[in-house]
Number of protein chains: 2
Amino acid sequence: MIIIAATIKDVAKYAGLSIATISKYINGGNVREENKKRIEEAIKALDFRVNEIARGLKTNKTATVGVLIPSLENIFLTSIVSRIESILLEYGYSTIICDYRQDRELENLKFDFLMNKLVDGIILVPQNIDEDKIRKALEKDVPVILLDRSLKDIDCDAVLVDNLNAAYDAVELLFTKGHRRIGIISGPQDIYTARERLKGYLRIHNDYEIEIDDDLIKYGDYEIQSGMELMNSFLDMENPPTAVFVTNYEMTLGAVMALNSRNISVPDELSLIGFDNMQLANVVKPKLCIVVQPMQQIGEYSAHLLLKRMRGDKSGFPAMVRLKTEIVEGESIKALNVII
Amino acid sequence: MIIIAATIKDVAKYAGLSIATISKYINGGNVREENKKRIEEAIKALDFRVNEIARGLKTNKTATVGVLIPSLENIFLTSIVSRIESILLEYGYSTIICDYRQDRELENLKFDFLMNKLVDGIILVPQNIDEDKIRKALEKDVPVILLDRSLKDIDCDAVLVDNLNAAYDAVELLFTKGHRRIGIISGPQDIYTARERLKGYLRIHNDYEIEIDDDLIKYGDYEIQSGMELMNSFLDMENPPTAVFVTNYEMTLGAVMALNSRNISVPDELSLIGFDNMQLANVVKPKLCIVVQPMQQIGEYSAHLLLKRMRGDKSGFPAMVRLKTEIVEGESIKALNVII
DNA sequence: CCTCTATCGCGAAACGTTTAACATTATATT
DNA sequence: AATATAATGTTAAACGTTTCGCGATAGAGG
């Protein structure tokens with residue numbers, strides 16, 4: 001047997017009032033105390049729930065937001081998204097999470113899909129998005145918050161991490177421990193975070209007036225495999241670095257794999273500083289030194305910024321929230337007896 | 001400037017046809033070739049998109065499904081969900097992913113929330129759900145698919161893994177390598193998978209007629225911390241096991257942590273077989289032997305089963321899809337020179 | 001050229017809400 | 001008690017679709 005849900009009409013009939021009054025009650029308008037009672041009773045008796053679809057049709061709001069990310073299998077992203085989802089829920093919003101699997105086409109397709117679903121707002125980790133789509137969304141009054149990465153050519157709110165100084169600090173830590181030949185396993189240069197992290201690496205070298213050896217800069221694709229390969233190519237160098245900075249989680253994993261498989265002892269033979277994911281840092285032996293991003297905060301800021309925009313508050317647009325990372329020290333960095 | 005989207009009415013006016021004809025065209029009805037042309041032109045000119053909300057109001061369908069899982073930070077689940085999301089998208093459905101953070105109350109709350117959002121179907125990894133909620137959903141013709149875990153007292157489609165034989169095979173592998181004292185780090189017994197995996201451990205002991213030492217069965221909570229603690233308690237035993245089977249990913253991670261921190265060499269001093277996550281298995285040295293679940297398949301079966309149900313096809317209800325695991329051998333198991 | 005039938009197009013109602021604008025009732029003020 | 005005012009209630013239209021039932025049209029067969 002299929003049960004048909006009660007409508008506001010049924011409630012009105014049951015309570016002996018008009019539809020408009022019920023609606024007013026539901027939406028917090030003024031209703032006489034006595035009638036409130038009757039309405040409440042009717043609602044309970046009929047197990048009435050507002051039909052969000054019908055409401056959406058009138059109000060042009062769906063109480064739904066879209067979150068578009070490059071991968072659902074990336075714990076950095078999912079822990080942010082988890083926080084976002086839980087905050088939005090508190091405010092009555094549901095979250096449609098889309099994963100574009102690093103695919104340029106899919107990213108654009110799914111953005112359209114979300115817009116077509118009439119979401120009230122979008123949180124996007126952009127990679128190859130057609131920026132016009134974002135402009136159009138904003139014109140249609142659908143706020144968009146960029147997450148983790150920003151875009152140059154567009155005015156759009158963004159919540160991200162100070163990647164440049166994250167890398168700057170990581171490499172500086174290696175400098176202070178006496179390292180001078182520091183390799184970096186960098187990411188794909190079409191990704192914002194990768195560019196920023198590389199910039200940090202370069203800037204700290206400049207600030208310390210240490211010459212940069214181009215051979216110490218390797219470009220990976222943020223995936224495990226390339227972390228492994230590039231670490232191997234460092235190890236194969238005639239004059240290898242004394243320390244390596246790996247710029248994301250997956251490549252850190254790959255780098256550790258390479259080190260393990262070649263029986264390189266860390267930090268005796270090579271010092272290492274990785275990125276993200278405390279869990280990995282703890283399970284690897286010796287405990288890895290890593291750069292940690294404030295995932296919780298990123299989630300909170302972006303959710304609240306989106307809520308604010310959806311409330312119609314456009315103050316401070318475009319807002320750029322730039323959070324700081326932290327270095328969790330492990331035992332993967334050797335203090336060199338180098339006299340500076 | 002806020003742009004207002006074109007409606008079917010505008011298209012009708014532009015094409016010089018009635019609303020009904022446009023609707024017929026959109027939904028694949030018969031329309032004269034000439035009119036098709038004009039409609040297509042009008043749609044393109046006005047950039048018309050069907051308003052899914054209005055459609056939903058009429059059709060009582062939202063083209064949205066809910067996925068309710070205990071954690072978004074669990075790569076086993078997110079990789080399944082990723083597959084589900086992408087399949088559903090192909091069929092025009094969007095996926096609302098909710099994470100109940102292992103919380104009983106939240107699980108029930110979010111289930112209601114999804115129902116209230118009028119999703120067309122739900123995929124649920126159940127933990128402490130009030131089974132009546134599922135019954136009510138089914139009565140309202142909202143199909144529910146249980147994922148990874150089943151529920152005893154209710155007729156409901158389910159897609160899961162043969163956890164019992166997964167454990168059975170894992171322990172049997174240890175037996176064939178000569179181990180006889182095998183510890184198990186089991187999960188919380190109120191979780192289906194944990195019970196099943198323990199059953200497998202017990203059954204293989206029975207089948208081999210090997211006596212079970214209760215001290216070798218430890219109960220964790222599927223979290224890293226307990227994996228670490230329980231592994232430590234194994235190592236502290238007077239007569240410790242020669243091999244340990246850890247029954248989920250997080251606890252495997254914890255167990256490895258414990259082994260590393262005490263400098264126990266695997267497999268020389270202790271053999272280990274873990275669960276899930278190839279990545280971990282590869283990064284740990286020596287390469288870990290693990291039980292791997294077919295995440296892709298789980299996602300595919302559950303998505304397709306849900307699609308079938310949403311199509312109204314109730315054949316074979318309640319369906320129980322029970323997929324097989326695989327053991328990926330590593331170097332973490334020592335062949336003992338035990339003469340059987 | 002007429003009729004029959006199949007095909008296609010149209011008008012209008014319906015889905016379950018919200019919300020102006022107006023109507024009614026209760027309360028306060030004199 | 002009469003009026004002014006505030007508080008609460010109601011009617012009806014609107015949101016953008018789908019769909020039923022009917023009318024129009026066109027092509028086929030005679």
Side-chain angles (χ1 to χ4, degrees), chain A residues 2-40 42-43 46-64 92 115-120 140-141 312, chain B residues 2-43 46-64 92 115-120 140-141:
Chain A
I2 294 169
I3 291 166
I4 287 171
T7 75
I8 206 175
K9 217 165 162 180
D10 303 320
V11 176
K13 202 172 289 172
Y14 191 102
L17 290 162
S18 80
I19 289 179
T21 308
I22 313 298
S23 174
K24 206 187 254 180
Y25 167 84
I26 292 167
N27 297 293
N30 283 329
V31 175
R32 279 223 315 280
E33 204 51 47
E34 186 205 327
N35 288 338
K36 263 186 193 165
K37 288 258 161 61
R38 286 163 60 189
I39 296 176
E40 275 157 16
I43 288 178
L46 301 169
D47 190 30
F48 166 79
R49 317 282 173 88
V50 173
N51 180 323
E52 296 284 351
I53 302 298
R55 171 181 278 175
L57 182 57
K58 274 305 285 187
T59 60
N60 249 318
K61 296 265 167 268
T62 52
T64 298
M115 285 301 294
N116 206 34
K117 274 282 173 181
L118 304 175
V119 293
D120 295 342
K140 282 186 187 163
D141 223 24
Chain B
I2 294 168
I3 291 167
I4 288 172
T7 74
I8 205 174
K9 218 167 161 178
D10 303 319
V11 176
K13 202 172 289 173
Y14 191 102
L17 291 162
S18 81
I19 289 179
T21 308
I22 313 298
S23 174
K24 203 189 254 180
Y25 168 84
I26 293 167
N27 296 293
N30 283 331
V31 175
R32 279 222 316 280
E33 204 51 48
E34 186 205 328
N35 288 338
K36 262 186 193 165
K37 287 260 162 60
R38 285 162 61 189
I39 295 175
E40 275 156 16
E41 201 192 309
I43 288 179
L46 301 171
D47 191 30
F48 167 78
R49 318 281 175 87
V50 174
N51 181 324
E52 296 284 352
I53 303 298
R55 171 181 278 175
L57 181 57
K58 274 305 286 186
T59 60
N60 249 318
K61 297 262 165 272
T62 52
T64 298
M115 285 301 294
N116 205 34
K117 274 281 174 181
L118 305 174
V119 293
D120 294 342
K140 283 187 186 161
D141 223 24

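Side chains are part of it too, since the values below use all heavy atoms of this structure and drop only hydrogens, waters and symmetry mates. Per chain, numbering begins at 1; letters A, B, ... match sequence-line order.
Between D:dA7 and A:Asn30, no contact under 4.0 Å exists linking OP1 or OP2 to a side-chain N or O. The side chain of A:Ser23 contributes an N or O atom lying less than 4.0 Å from OP1 or OP2 of C:dT18. Residue A:Asn51 places none of its side-chain N or O atoms closer than 4.0 Å to OP1 or OP2 of C:dC15.
Between the B:Lys117 side chain and the A:Ala63 main chain, a donor and an acceptor come within less than 3.5 Å of each other.
Following rounding to the nearest Å, B:Ile8 (CD1) and C:dG11 (C1') show an atom-to-atom distance of 14 Å. One interatomic measurement links the two molecules: NZ of B:Lys13 to C1' of C:dC10, which rounds to 16 Å at whole-angstrom precision. The distance from atom CD1 of A:Ile53 to atom P of C:dC15 is 16 Å, rounded to the nearest whole Å. Between A:Asp10 atom CG and C:dC15 atom C1' the separation is 13 Å, expressed in whole Å. Counting to the nearest Å, the P atom of C:dC8 and the CD atom of B:Glu34 are 13 Å from each other. As a whole-Å value, the separation of B:Asn35 CG from D:dA24 P is 17 Å. One can place CZ of A:Arg49 at 16 Å from P of C:dG16, the figure rounded to the nearest angstrom. Following rounding to the nearest Å, B:Leu46 (CG) and D:dG16 (C1') show an atom-to-atom distance of 15 Å.
Comparing the axis of the opening five pairs of the helix from C:dC1-D:dG30 to C:dT30-D:dA1 with that of the closing five pairs yields an angle of 40°, rounded to 10°.
For the pair A:Arg49 and B:Met115, the minimum side-chain heavy-atom distance is 4.5 Å or more.
Partners of A:Leu118 under the side chain to side chain contact (heavy atoms under 4.5 Å, CB included) rule, at least two apart in sequence or in another chain, are A:Thr62, B:Asn51, B:Ile53. Residues forming a side chain to side chain contact (heavy atoms under 4.5 Å, CB included) with A:Ile26 (at least two apart in sequence, or on another chain): A:Ile8, A:Ile22, A:Phe48, A:Val50, A:Arg55. Taking the side-chain hydrogen bond (donor to acceptor under 3.5 Å, both in side chains) definition, one finds that B:Tyr25 meets it with B:Glu40, sequence neighbours left out. Evaluation of the side chain to side chain contact (heavy atoms under 4.5 Å, CB included) rule for A:Lys61 yields A:Thr59, A:Asp120 as partners, not counting sequence neighbours. Looking at residues two or more places apart in sequence or on another chain, you find a side chain to side chain contact (heavy atoms under 4.5 Å, CB included) between B:Ala20 and B:Ser18.
Considering all non-hydrogen atoms of both residues, B:Leu57 and A:Ala54 come closest at CD1-CB, 3.6 Å. Heavy-atom minimum distance, A:Leu17 versus A:Ile39: CD1-CG1, 3.7 Å.
Rounded to the nearest 0.5 Å, atoms CD (B:Glu41) and NZ (B:Lys37) are 10.5 Å apart. Atom CZ of residue A:Arg38 and atom CD1 of residue A:Ile43 lie 13.0 Å apart, to the nearest 0.5 angstrom.
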Show each protein N/O and nucleotides 23-26 of chain C N/O combination with a separation under 3.5 Å, one pair to a line.
none

Could you go through nucleotides 10-14 of chain D and list every protein N or O atom that sits under 3.5 Å from one of its N or O atoms, giving the distance for each pair?
residue : atom : partner : partner atom : Å
D:dT10  : OP2  : A:Ser18 : N            : 2.8
D:dT10  : OP2  : A:Ser18 : OG           : 3.0
D:dT10  : OP2  : A:Thr21 : OG1          : 2.6
D:dA14  : N3   : A:Lys58 : NZ           : 2.8

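When heavy atoms are screened at a 4.0 angstrom cut-off, B:Tyr25 is found touching no nucleic acid atom at all. In this structure, B:Asn27 reaches the sugar-phosphate backbone alone: every heavy-atom distance under 4.0 Å involves primed, P, OP1 or OP2 atoms, never a base.
Sorted by first and then second residue, the salt bridge (Lys or Arg N to Asp or Glu O under 4.0 Å) pairs with a member in residues 14-32 of chain A read A:Arg32-A:Glu34; sequence neighbours excluded.
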